[in-house]
Amino acid sequence: MAVDTLLERITDYASRPDPYPLYAELREAGVARQTDGSYLVGTYYDIVALLHDPRLSSDRRNRAAPHRDPDVEKEEQQRPSFIRLDDPEHHRLRSMAMRPFGPPHSPGRIDAIRDEITRITGELVESLPGRGRIDVVDDFAYPLPVTVICRLLGVPREDEPVFREWSATIVDSLDIRPGEDPGEREAAGRRARERMGRYLVDLAERRRGRPGDDMLTAFVNDPGPYGEFSREELAATATLLLVAGHETTVNLITNGVLTLLRHPDQLDLLRRDPGLLPGAVEELLRYEPPVHMLQRTPLTRLDIAGTTVPEGVPVVLVPASGSRDPKRFRDPDRFDLTRTDNQHLGFGSGIHLCYGAPLARLEAQAALGALSPRLATATLLEDPPPYRHSAVLRGPRHLPVEL
Ligand code: HEM
């Protein structure tokens, strides 16, 4: 059986600024066993097929030793959120979480927040200095999605310093670092999820019996056909929404600004025709996506592109590689915001397709639309910028720019 080190090279922090040549190697190499016993998949059609295959589980409790979390008993006490569950449990909880957020029960919810997103974005752009140095992350890309998800969920915006550290610890616990014992990181992640869950359930409980248009209020006062969330389910669901609702969108906006500054011709096109914004955001989700890897566990022995993959081992899908696969996209390493054939994997595919995609799209379009006039004369001060550690959720930690 072939043994490879591509996963080690991809996750090495030195590769963070540009993992794409390694993804090209991965697509050439095919599916191979990595030194930590996991399997990597980087080709578009294989990833799509696997994301739609019920024999691949999102539930880590299906992992076999030695890939099983030694603390699994505790993990079982802490209910996984629906992103880490399979159907039918996943479907039930996703439907309950969707009830106050989107169709079929709340079809106008995201559209209704459009004006508020425009207002928040406008205020953030106004607050930037006329000239001088800014950090696109701290001054712009982070405050927008945090403010929006707090507003939607009904979390006080001024509590951001309370949950910021928990959120960072949870994101850190999701990273893939072969060769490193994940025990301490996973334990820290569990503790952070516990604290954030308790905090969010307390907020929700205080709204019981009271009116309000936020999602926490709806979760405790307006149960749908599936009934009420249990306390653990509410904790896991609200935590997932708060974390997923901002940690990814920050990177999309920051990667967007970085990519536009690196491609002045494309920035120019966008400034001249804001009608290109929706397509520009799709192209960013393909070309510089925030989510690079998704983990799954086969429930049975599987054949993936001619390689036999045993039951219970981690299978790491690399959608960021699939979205650059020349067998699917013409000229895939070219950033072209007028690209039309663009069914990228930036939001995943299959039953776990991103729940927040309509919101993320709206925020990124508003953010890039409002900022792009200011970018015409802006200069990148560090290229590549310093990246966050995570290889899974990839994006700059800071993006210093001179306006
Ligand atoms: C640019 C921003 C975003 C990106 C790139 C992104 C990406 C993704 C991806 C790739 C998945 C699939 C995970 C898997 O298959 O295991 C996913 C799932 C999910 N996302 Fe997003 N996301 C973004 C924004 C958001 C926002 C704003 C929210 C919340 C409002 C959100 C909530 C979720 C949830 C709850 C899931 C789990 C869905 C399920 O398991 O059925 N995401 N996201």
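As a basis for the values below, the full set of heavy atoms in this structure was taken, side chains included, without hydrogen atoms, waters or symmetry mates. In this text, all values refer to a predicted model and were calculated from it rather than measured experimentally. For ligands, and for the atoms within them, numbers begin at 1 and follow the listed sequence.
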Open item on the list: Walk me through whether Glu165 and Arg195 qualify under side chain to side chain contact (heavy atoms under 4.5 Å, CB included).
Closed with: CA-CA 11 Å; Glu165 196 55 43; Arg195 290 188 186 129; over 6 Å; no
- [ ] Could you tell me how the ring of Phe335 sits relative to the ring of His263: parallel (under 30°), tilted (30 to 60°) or perpendicular (over 60°)?
- [x] tilted
TODO: Can you tell me which residues line ligand 1 if we count any heavy atom under 4.0 angstrom from one of its atoms, in chain and number order?
DONE: Phe82, Ile83, His90, Arg94, Phe101, Ile149, Leu240, Leu241, Ala244, Gly245, Thr248, Thr249, Leu252, Pro290, Val291, Leu294, Arg296, Gly346, Phe347, Gly348, Ile351, His352, Cys354, Tyr355, Gly356, Leu359, Ala360
Task: Ring geometry between His352 and His90 (parallel below 30°, tilted from 30 to 60°, perpendicular above 60°) - done: tilted
Open item on the list: Pairing donors with acceptors under 3.5 angstrom, does anything connect the side chains of Ser167 and Glu247?
Closed with: yes
- [ ] Determine the sole option in Arg388, Arg185, His389, Arg177 for which the side-chain hydrogen bond (donor to acceptor under 3.5 Å, both in side chains) test with Asp172 is passed.
- [x] Arg177
Open item on the list: Are the side chains of Phe329 and Asp341 in contact, using a 4.5 Å heavy-atom criterion?
Closed with: no
